[in-house]
Structures are given as C-alpha cells and as structure tokens.
Amino acid sequence: MAHEQIVITTPDGQCPAHVFTPAGGQGGPAIIFYMDAGGIRPGVLAMAERLANAGYVVLLPDMYYRYGAYGPFDPKEVFKGDFRAILGPLMATTGNAKAAADIDAYIGYLDGRSDVHGKRIGAVGFCMGGGMAIASAGARPERFAAIASYHGGNLATDAADSPHRAAPVLQAEVYIAAAENDGSYPPEMAERFEKALRDAGVTFTAESYPAKHGWMKPDFPVYDEKAAEHGWKQMLAFFARTLGDKNA
C-alpha cells in the first residue's frame with residue numbers, strides 16, 4: 001500500500017487529501033471516501049487504507065478544508081461531552097451542496113492519475129459522508145458506477161440539497177447500510193429515500209444493521225466489530241461487482 005498526501009484546488013480553496021493505492025503499484029478503480037463528522041484522523045486513514053488494499057485507488061478529501069486547521073479529534077473523548085459544540089463549527093463549513101460543488105475537482109485529480117482503471121468510479125460515505133457521496137454522484141452521474149452509504153443521516157429531508165433529490169439523475173447502483181433506532185435516519189425517512197430511488201428506477205439494496213449509528217468506525221464508542229466486519233464484507237463485494245475496467 002502506498003500513501004500520498006496531496007492538495008486539490010477546488011472552487012472554494014485548497015483541499016488537503018490523502019490517496020491510498022494498492023500494494024505493488026498495479027492501481028485499480030477509483031473510490032472517493034467521504035469522512036464522518038469526526039474529520040480526518042488515524043481511524044479514518046486506516047479504513048481508507050483497508051479499502052485500498054482490496055484493490056482500489058482511494059481518495060480521502062478533508063471535507064473540513066474550508067474551516068482550516070483542526071484536531072485530529074479522538075471521537076471517544078469528543079462524545080463524552082457536547083460533541084456538537086466541538087464539531088458543529090466545522091460541520092457548518094461543509095454539506096451536501098458543497099461536496100457536490102467540489103466533485104469536478106476530485107474527478108479531475110483522479111483523471112490525471114495513470115493508475116486509475118476505468119472512467120467510472122465509486123464513492124463510500126459514513127455518517128454525514130453518506131449524503132455527500134450521494135449528492136456528489138448526482139452532480140456528475142455519468143461518472144459514478146457505485147455509491148455506498150454507511151449509517152448516513154438526513155438522506156431524505158425538505159432541504160434543497162437533500163440527497164434523495166439526486167435520485168432522478170443517478171446512474172450508479174446504491175447500497176444503503178442503516179443503523180437500527182437511528183434518530184438521524186428514522187424509518188419514515190428511510191421509506192422516503194427508498195421511494196425516491198424506486199420511483200427513479202435506481203438499482204439499490206437497503207440493509208438494516210442491528211447496531212448503533214456509527215458502528216463502522218473503529219474509534220467510535222459505539223463501534224461494533226461483528227457488524228463492522230459484515231459491513232466490510234458487503235462493501236467489498238458491492239464494489240467488486242460494480243467497479244472495474246468494464247466501466248471504462
């Protein structure tokens with residue numbers, strides 16, 4: 001595995017990012033990894049590395065670049081107190097619309113790499129990153145073959161940039177991994193989101209995990225190893241099936 005730290009110029013400034021590539025330099029299809037609200041930190045880097053080791057070029061942009069320097073945060077410490085007081089100012093600088101506005105910059109960077117296989121790419125997002133992945137794919141639908149959202153919240157709201165509004169243009173297959181009893185993605189919201197996908201003819205799979213919101217993150221206090229390993233198995237199978245040179 002190779003790890004690079006780069007800076008991508010976006011319409012709003014300079015976005016630091018990490019790039020992980022498979023061992024041996026053989027490259028692979030590209031996947032954009034959208035972080036959770038805890039920001040860039042060792043636990044997220046380890047997840048991006050694991051995905052790269054499965055045969056992908058993984059781009060991990062810092063969605064808080066508009067805020068400036070921060071952290072890294074230890075989620076277990078952050079969640080002991082008022083996490084919104086700590087993370088809220090950073091979260092206010094990003095969102096679905098801003099993620100979508102940056103997608104041309106990210107795709108442009110990936111298009112310039114000789115080790116990326118194929119033109120169609122994937123995206124995976126966690127927590128707030130789930131909505132960002134969907135919204136970004138809606139901004140450039142012809143470039144995305146697969147989108148996975150893990151414990152993504154607020155996927156179908158009345159907001160102008162609600163992810164479900166991207167459904168009519170999506171060309172990607174979608175995998176939705178939801179937590180049980182998740183206040184940010186209650187059953188009525190899941191129904192609204194899935195209806196939008198069905199009405200638009202989007203191929204998707206929705207799976208409910210017997211775990212808490214954030215279960216995939218190894219540094220979260222709610223991390224569930226059994227559920228997380230199932231999540232990884234599903235993710236890798238999903239991307240193996242939907243990405244590859246056939247999507248060139």
Side-chain angles (χ1 to χ4, degrees), residues 31-38 63 83-84 87-88 90-103 120-217 220 222 224 227-228 230-232 234-235 237-239 241-242:
I31 297 175
I32 301 176
F33 185 120
Y34 287 91
M35 67 190 205
D36 61 87
M63 305 309 292
F83 75 93
R84 293 191 181 279
L87 300 179
L90 287 82
M91 294 175 68
T93 67
T94 190
N96 298 326
K98 290 182 177 178
D102 290 341
I103 192 59
R120 300 189 72 199
I121 65 178
V124 59
F126 301 85
C127 301
M128 72 174 190
M132 292 179 176
I134 297 163
S136 297
R140 288 295 300 275
E142 75 283 0
R143 295 302 304 271
F144 283 86
I147 314 162
S149 169
Y150 282 83
H151 39 78
N154 300 313
L155 299 185
T157 70
D158 293 335
D161 63 349
S162 175
H164 82 288
R165 300 187 190 280
V169 299
L170 289 180
Q171 298 180 28
E173 184 171 337
V174 179
Y175 175 73
I176 312 151
E180 290 186 346
N181 302 315
D182 187 344
S184 70
Y185 192 61
E188 59 271 19
M189 184 183 294
E191 182 179 350
R192 184 181 182 184
F193 181 56
E194 292 176 27
K195 182 179 185 302
L197 295 177
R198 282 194 299 270
D199 288 350
V202 176
T203 300
F204 74 94
T205 301
E207 184 173 2
S208 180
Y209 284 65
K212 295 182 179 180
H213 177 89
W215 83 83
M216 287 288 291
K217 314 304 291 190
F220 269 30
V222 297
D224 185 318
H230 177 70
W232 274 104
Q234 296 292 83
M235 185 197 312
F238 174 65
F239 285 135
R241 180 171 55 78
T242 54

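Not measured: the values here are computed from a predicted model. Here, residue 1 is the first one in the sequence, and each next residue gets the next number.
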Before giving the answer on side-chain contact (heavy atoms from CB on, under 4.5 Å), spell out for Q171 and R120 the whole-Å C-alpha distance, their side-chain angles and the decisive distance to 0.1 Å. CA-CA 10 Å; Q171 298 180 28; R120 300 189 72 199; 4.0 Å; yes
Looking at every heavy atom in both A99 and M63, which two are closest together, and how far apart are they? CB-CE, 3.7 Å
Heavy-atom closest pair, residues A172 and A146: CB-N, 3.6 Å
Check A123 against F239 and note the closest heavy-atom contact, atom names and distance. O-CZ, 3.6 Å
Whether D36 and K217 form a salt bridge (side-chain N of Lys/Arg under 4.0 Å from carboxylate O of Asp/Glu) is what I want to check. yes
Under the side-chain hydrogen bond (donor to acceptor under 3.5 Å, both in side chains) test, residues paired with R84 that sit two or more places apart: none
Please tell me if the side chains of Y185 and L155 come closer than 4.5 Å, counting only heavy atoms from C-beta onward. yes
Is any side-chain heavy atom of H230 less than 4.5 Å from a side-chain heavy atom of Y209? yes
Closest approach of H213 and C127, non-hydrogen atoms and distance? NE2-SG, 3.5 Å
For S184, all residues meeting side-chain hydrogen bond (donor to acceptor under 3.5 Å, both in side chains), sequence neighbours excluded: D182
Pairs flagged by side chain to side chain donor-acceptor pair (under 3.5 Å) wherever residues 91-100 is involved - sequence neighbours left out: none
Distance from L170 atom CG to F144 atom CZ, nearest 0.5 Å? 10.0 Å
Looking at every heavy atom in both A133 and I147, which two are closest together, and how far apart are they? CB-CG2, 3.8 Å
Can you list, pair by pair, the side-chain donor-acceptor contacts under 3.5 Å of residues 189-206, counting residues two or more places apart and other chains?
unit_1	atom_1	unit_2	atom_2	d
R192	NH1	D158	OD1	3.2
R192	NH2	D158	OD1	3.0
K195	NZ	D199	OD2	2.6

Please identify each residue that fulfils side-chain contact (heavy atoms from CB on, under 4.5 Å) with A228, with sequence neighbours left out. W215, M216, Y223
Counting C-beta onward and ignoring hydrogens, is there a side-chain heavy-atom pair between I31 and I121 closer than 4.5 Å? no
Please list all pairs meeting side chain to side chain donor-acceptor pair (under 3.5 Å) that have one or both residues in residues 133-153, counting only residues at least two apart or in different chains. Y34-S136, D104-R140, D111-R143, R140-E142
Over all atoms of both residues, closest heavy-atom pair of A211 and A179: O-CB, 3.4 Å
